[in-house]
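Quick caveat: nothing in here was measured; it's all calculated off a predicted structure.
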Amino acid sequence: QVQLVESGGGLVHTGDSLRLSCAASGRTFSSYAMGWFRQGPGKEREFVAAIRWSIGNTYYADSVKGRFTISRDNAKNTGYLQMNSLKPEDTAVYYCAAAGGMYSDYVRYDYWGQGTQVTVSS
């Protein structure tokens with residue numbers, strides 16, 4: 001089993017930055033990939049970014065490429081999502097998740113955090 005706990009959400013203005021954290025515990029995380037997803041009001045859950053924990057390669061949705069950066073700290077067993085140049089359309093509940101590979105389909109992720117709200121005001 002893997003437990004994931006997100007933190008770092010909040011209310012910011014357009015153009016601001018925010019960093020989300022996802023602390024992983026339980027089984028050794030090196031064999032997993034960590035993904036970030038978001039779900040806005042009335043919208044389906046959307047892929048944001050993923051990172052292969054062992055080697056650090058990354059994968060981004062087009063909507064966030066160049067603005068968001070996914071990373072991880074092996075020593076802390078924590079993943080991060082650095083979000084820059086935030087827009088109102090980035091408003092959503094953000095979730096981190098774990099899977100055996102870097103998938104963009106949320107159904108392929110086995111473990112999920114509780115989510116953290118990000119609100120970007122115009």
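- Note that the OG atom of S54 and the CZ atom of F29 stand 11.0 Å from one another [nearest 0.5 Å].
- The minimum heavy-atom distance linking P41 with T91 is given by the pair CD-O, 4.2 Å.
- Remark: side-chain polar atoms of T116 are not paired, donor with acceptor, to backbone N or O of V93 under 3.5 angstrom.
- Y95 and V64 fall into different hydrophobic clusters, where Ile, Leu, Val, Met, Phe, Trp and Tyr side chains are chained together by heavy-atom contacts under 4.5 Å.
- N77 is not listed as a side-chain neighbour of S25, based on a closest heavy-atom distance of 4.5 Å or more.
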Hey, mind stepping through S63 and E89 against side chain to side chain contact (heavy atoms under 4.5 Å, CB included) and telling me if it holds? CA-CA 10 Å; S63 59; E89 51 263 43; over 6 Å; no

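- Checked for salt-bridge contact, K65 and D62 meet the test: a charged N lies under 4.0 Å from a carboxylate O.
- With values rounded to the nearest 0.5 angstrom, Q82 atom CD is found 9.0 Å from L20 atom CG.
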Pair L86, F68 - check side chain to side chain contact (heavy atoms under 4.5 Å, CB included), show working. CA-CA 9 Å; L86 282 162; F68 291 12; 3.9 Å; yes

Given side chain to side chain contact (heavy atoms under 4.5 Å, CB included), test E44 with E46 step by step and report yes or no. CA-CA 6 Å; E44 292 191 356; E46 175 191 20; over 6 Å; no

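- Between the CG atom in L4 and the OG1 atom in T78 there is a gap of 10.5 Å [rounded to 0.5 Å].
- If you chain together hydrophobic residues whose side chains sit under 4.5 Å apart, Y94 and V2 fall into the same group.
- The two residues A50 and M102 come nearest to each other via the heavy atoms O-SD, 3.8 Å.
- The heavy-atom pair separating G100 from Y32 by the smallest distance is N-CD2, 4.5 Å.
- Distance check, rounded to the nearest 0.5 Å: CZ of R38 to CG of D90 gives 4.5 Å.
- Placement of L81 and Y106 in two distinct hydrophobic clusters is found when ILVMFWY residues are connected by side-chain heavy-atom separations under 4.5 Å, directly or transitively.
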Walk me through whether Y109 and F37 qualify under ring pair (Phe, Tyr, Trp, His ring centres under 6.0 Å). CA-CA 10 Å; Y109 284 76; F37 290 80; 5.0 Å; yes

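- Remark: side-chain polar atoms of E6 are paired, donor with acceptor, to backbone N or O of Q114 under 3.5 angstrom.
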Is there a side chain to side chain contact (heavy atoms under 4.5 Å, CB included) between Y80 and T69? Walk through the geometry before answering. CA-CA 8 Å; Y80 303 97; T69 303; over 6 Å; no

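- For D73 (side chain) and K76 (main-chain N/O), a donor-acceptor pair under 3.5 Å exists by modelled atom type.
- Here W36 contributes atom CH2 and F47 contributes atom CZ; the two are 12.5 Å apart, rounded to the nearest 0.5 Å.
- Counting non-hydrogen atoms of neighbouring residues, nucleotides and ligands closer than 6.0 angstrom, the OH atom of Y111 exceeds 12 such neighbours.
- Note that OG of S122 and NE2 of H13 are 10.0 Å apart. Values are rounded to the nearest 0.5 Å.
- One hydrophobic cluster, built from ILVMFWY side chains closer than 4.5 Å, holds both Y103 and V107.
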